[in-house]
Each structure stands twice: as C-alpha cells, then as structure tokens.
There are 2 protein chains.
Amino acid sequence: MHESSHILKGLKDQGHKFTKVRKLVLDLLIKSPKPLSSPDIQKAFLARKMPVNKTTIYRELAFLKGQGVIRELQFGDNTMRYEVTPDNHHHHIVCINCDKIEDVILEKDLDMEEKAIAQIKNFKILNHSLEFYGICERCQ
Amino acid sequence: MHESSHILKGLKDQGHKFTKVRKLVLDLLIKSPKPLSSPDIQKAFLARKMPVNKTTIYRELAFLKGQGVIRELQFGDNTMRYEVTPDNHHHHIVCINCDKIEDVILEKDLDMEEKAIAQIKNFKILNHSLEFYGICERCQ
DNA sequence: TGACAAACGCAACCGAGTTGCGTTATCATT
DNA sequence: AATGATAACGCAACTCGGTTGCGTTTGTCA
C-alpha cells in the first residue's frame with residue numbers, strides 16, 4: 001500500500017516542503033477508491049473544517065503530477081480527475097448513470113498495438129487513455 | 001464518402017429543418033481531417049463572414065450528437081471535439097507538441113476485452129474512449 | 001399565405017481552471 | 001532559538017468552454 005509520509009519524505013529530500021495541505025491532498029488520493037477532481041478535494045478540506053483556497057489545490061495537483069506522484073484522467077465531463085500513479089497499469093469503467101468508477105485490468109495490454117501504431121504512423125507514443133462507459137450492476 | 005445533403009434529407013423526413021447552419025456545421029465536420037471543437041466551428045463560420053451565435057453551435061452539436069450523426073471526443077484539454085460517426089471503428093493519436101491528430105485502427109479490437117470486463121465487473125458496457133498521445137514525426 | 005414548431009440570437013450566467021502579486025510558513029543554517 | 005531564503009499559500013480578478021431562459025425569426029406544410 002502507498003504511504004504518504006514516505007512519498008513526502010522523498011519530495012522533501014529534493015528541496016520541497018512538507019505541508020499540511022500537501023499531506024492531506026496526497027492522503028485523500030491514496031485513500032479514495034476512485035479518482036478525485038480538484039473541487040472534490042476542496043470539498044473534502046471544507047468537510048474537515050480546513051478551508052483551502054482552490055488555487056492552492058490546483059497548484060498542488062499540478063505539482064504532484066509534475067513529480068509523477070499522481071496522474072490525470074478525464075471521464076467525459078470536462079473535469080480533470082486524479083489518482084495516485086498506479087503500479088499495476090489499469091483503466092477505468094464508469095457508470096453513465098450513477099458515476100460509479102471501478103478499476104479494470106486488460107487481459108492483453110496495448111503494448112503490441114502501440115508498437116504497431118508507432119511504426120505505421122511514425123509517432124513516438126508516450127501514453128494513452130482508455131476508459132469504458134456503461135451501466136453498473138445496480139443501475140441496470 | 002459522407003454526403004451532407006443525404007443526411008439532412010433523412011433528418012428532414014423526421015420533422016427537422018434544413019437550415020444553413022445545420023448544413024455548414026455538418027459539411028465542416030465531414031470535410032475536416034480531424035475532430036473539431038465548438039469554438040473551432042464558430043471561427044470557421046466567422047471566417048466565411050457568417051457570424052453565428054455560440055449557443056446555436058452548441059445546440060446544433062448536441063442535436064447532431066443526439067441523432068447519432070456525430071460523436072463526441074476529448075483529448076485531454078477539457079474541450080469537447082466532434083467527428084462524423086465513423087463507419088470504421090477507429091481511435092486517435094494526438095501529438096502533444098503540435099496537436100496534430102490522426103486516426104488509428106487497432107489490429108485487434110476491444111470486443112473480447114469488453115466481454116471479459118462485462119462479465120467480471122457486471123457492467124453493461126456501451127462504449128469506450130481510447131486515445132494515444134505522443135510525438136509526431138515532424139516534432140521528434 | 002398563414003400558422004406552428006424548430007431553429008436562432010441575445011444576455012446573463014455557471015463552473016473549472018489560470019494568473020499576478022503580496023503574505024505566510026517551512027526548513028536549513030547559524 | 002533567531003534568521004533568512006524560498007516554497008507554499010490566499011485573495012481577487014480573470015479566462016473560456018459550456019448552459020439557460022426567453023423572446024424573435026425562419027423553414028415547412030397544409
């Protein structure tokens with residue numbers, strides 16, 4: 001399991017500071033079963049009677065993304081969401097009715113496809129986004 | 001190849017009107033080599049000295065999407081883009097440097113993966129989004 | 001040609017995300 | 001423990017894609 005203190009220690013060694021906001025943003029993302037948006041995180045701070053300016057959240061997320069600690073996702077609603085960079089490469093399935101989100105792992109990954117595309121299209125492929133949309137068990 | 005008049009004729013038979021805006025939006029999407037955003041389309045109208053209100057564009061795109069004539073895509077910049085619903089199921093590869101977009105067709109489609117996920121997760125999968133990001137030939 | 005609904009324009013609005021700038025808090029050093 | 005550098009933060013104002021309500025225009029068909 002991920003441990004925020006350990007990650008923060010690593011960042012600190014690189015000249016970054018260990019702040020309450022940074023720790024809580026990271027803890028929220030580590031504990032959340034699904035990716036969170038910036039507004040989600042701001043609401044979580046508010047619920048804990050720790051109001052934080054939205055600019056701070058955006059900057060913190062940009063920082064953690066830049067450090068490779070978290071990654072950015074989008075699920076079709078023009079809002080960025082974030083999750084701790086996973087060890088196991090996975091994608092997501094989103095219920096278009098109740099917004100439930102679950103991780104899914106492909107039986108065969110896309111490496112071969114990427115190689116083929118890179119060769120045909122002469123692109124250097126860096127990453128990809130793959131999300132599935134449907135109706136979850138409860139909603140169908 | 002797609003023919004806007006033919007599509008519009010079909011819509012007209014269902015009680016919808018044949019307007020200049022509708023025809024041009026559709027023609028633009030048919031002719032464009034890459035998906036277009038609502039602002040893209042508004043600019044194209046302006047360039048032809050045919051200023052159109054942005055609300056009209058958004059409503060027209062929502063209409064055409066609802067009719068299944070076009071489909072909605074997103075490439076990570078919080079802006080919806082649209083393309084004519086393709087006959088051949090394809091995805092896209094986006095250059096993160098110059099925003100060049102090309103169609104790509106997978107060697108193996110994701111049907112088997114979808115079936116496996118549907119069974120394991122008990123989701124009824126309706127569709128998916130898959131985009132590749134990288135550096136195009138010119139930019140690398 | 002008249003009448004009805006679809007399509008349109010306009011203005012005001014919403015919400016995610018950004019920018020500039022001044023202030024505060026963390027941390028290494030003394 | 002005091003100090004200074006700078007990362008982190010708050011605040012206000014802003015940008016921009018997208019939406020809503022409402023009154024007006026236009027395409028279509030009888």
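In what follows, every chain begins at residue 1, and chains take the letters A, B, ... in the order their sequences are listed. Just so we're clear, the structure is a prediction, and the values are computed from it rather than from any experiment.
- Interatomic distance, Leu130(A) CG to Leu73(A) CG, rounded to the nearest 0.5 Å: 11.0 Å.
- OP1 or OP2 of dG9(C) sits under 4.0 Å from a side-chain N or O of Thr56(B).
- Put simply, OG on Ser129(B) and CD on Gln74(A) are 8.0 Å apart, with the number rounded to the nearest 0.5 Å.
- Rounded to whole Å, atom P of dA7(C) lies 16 Å from atom CG of Leu24(B).
- Aromatic pair His128(B)/Tyr133(A): centroids not less than 6.0 angstrom apart.
- The line from CD1 of Ile101(B) to CZ of Arg81(B) is 5.5 Å long, rounded to the nearest 0.5 Å.
- Mapping Arg22(B) and Lys54(B) onto DNA chain C by nearest heavy atom places Arg22(B) closer to the 5' end of the strand.
- The neighbour count for Met112(B) CE, taken as heavy atoms of other residues, nucleotides or ligands under 6.0 Å away, does not exceed 12.
- For Asp13(B) and Lys9(B), the salt-bridge test passes: some basic side-chain N is under 4.0 Å from an acidic carboxylate O.
- Salt bridge Arg22(A)/Glu60(A): present, at least one basic N to carboxylate O contact under 4.0 Å.
- Sorted by residue number, the members of residues 58-76 of chain A with any non-hydrogen atom under 4.0 Å from DNA chain D read Arg59(A), Glu60(A).
- Side-chain atoms of His91(A) and Glu131(A) form no donor-acceptor pair, as typed in the model, at a separation below 3.5 Å.
- Scanning atom types as modelled, no donor and acceptor separated by under 3.5 angstrom connect the side chain of Thr55(A) and the base of dA8(D).
- For Asp77(B) and dA16(C), the CG to P distance is 17 Å, given to the nearest whole Å.
- An OP1 or OP2 oxygen of dG15(C) is reached within less than 4.0 angstrom by no side-chain nitrogen or oxygen of Asn78(A).
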Checklist entry - Is there a ring pair (Phe, Tyr, Trp, His ring centres under 6.0 Å) between Phe75(A) and His92(A) once you walk through the steps? => result CA-CA 9 Å; Phe75(A) 297 138; His92(A) 299 89; 5.4 Å; yes
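- Remark: P of dA8(D) and CG of Leu8(A) are 11 Å apart, rounded to the nearest angstrom.
- Looking at Lys31(A), Lys34(A), Arg71(A), Lys65(A) one by one, the single match for salt bridge (charged side-chain N to carboxylate O under 4.0 Å, His left out) with Glu83(A) turns out to be Arg71(A).
- Distance Lys23(A) NZ to dA8(D) C1': 17 Å, rounded to the nearest Å.
- Checking side-chain atoms of Gln140(A) against main-chain N and O of Gly134(A) turns up no donor-acceptor pair under 3.5 Å.
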Polar atoms only, N or O, under 3.5 Å: list the protein pairs with nucleotides 26-30 of chain D and their distances.
| residue | atom | partner | partner atom | Å |
| --- | --- | --- | --- | --- |
| dG27(D) | N3 | Lys17(B) | NZ | 3.3 |
| dT28(D) | OP1 | Phe18(B) | N | 3.0 |

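- Taking a 4.0 Å limit (strictly below) on heavy-atom distances, residues 33-53 of chain B reaches DNA chain C at Val52(B), Asn53(B).
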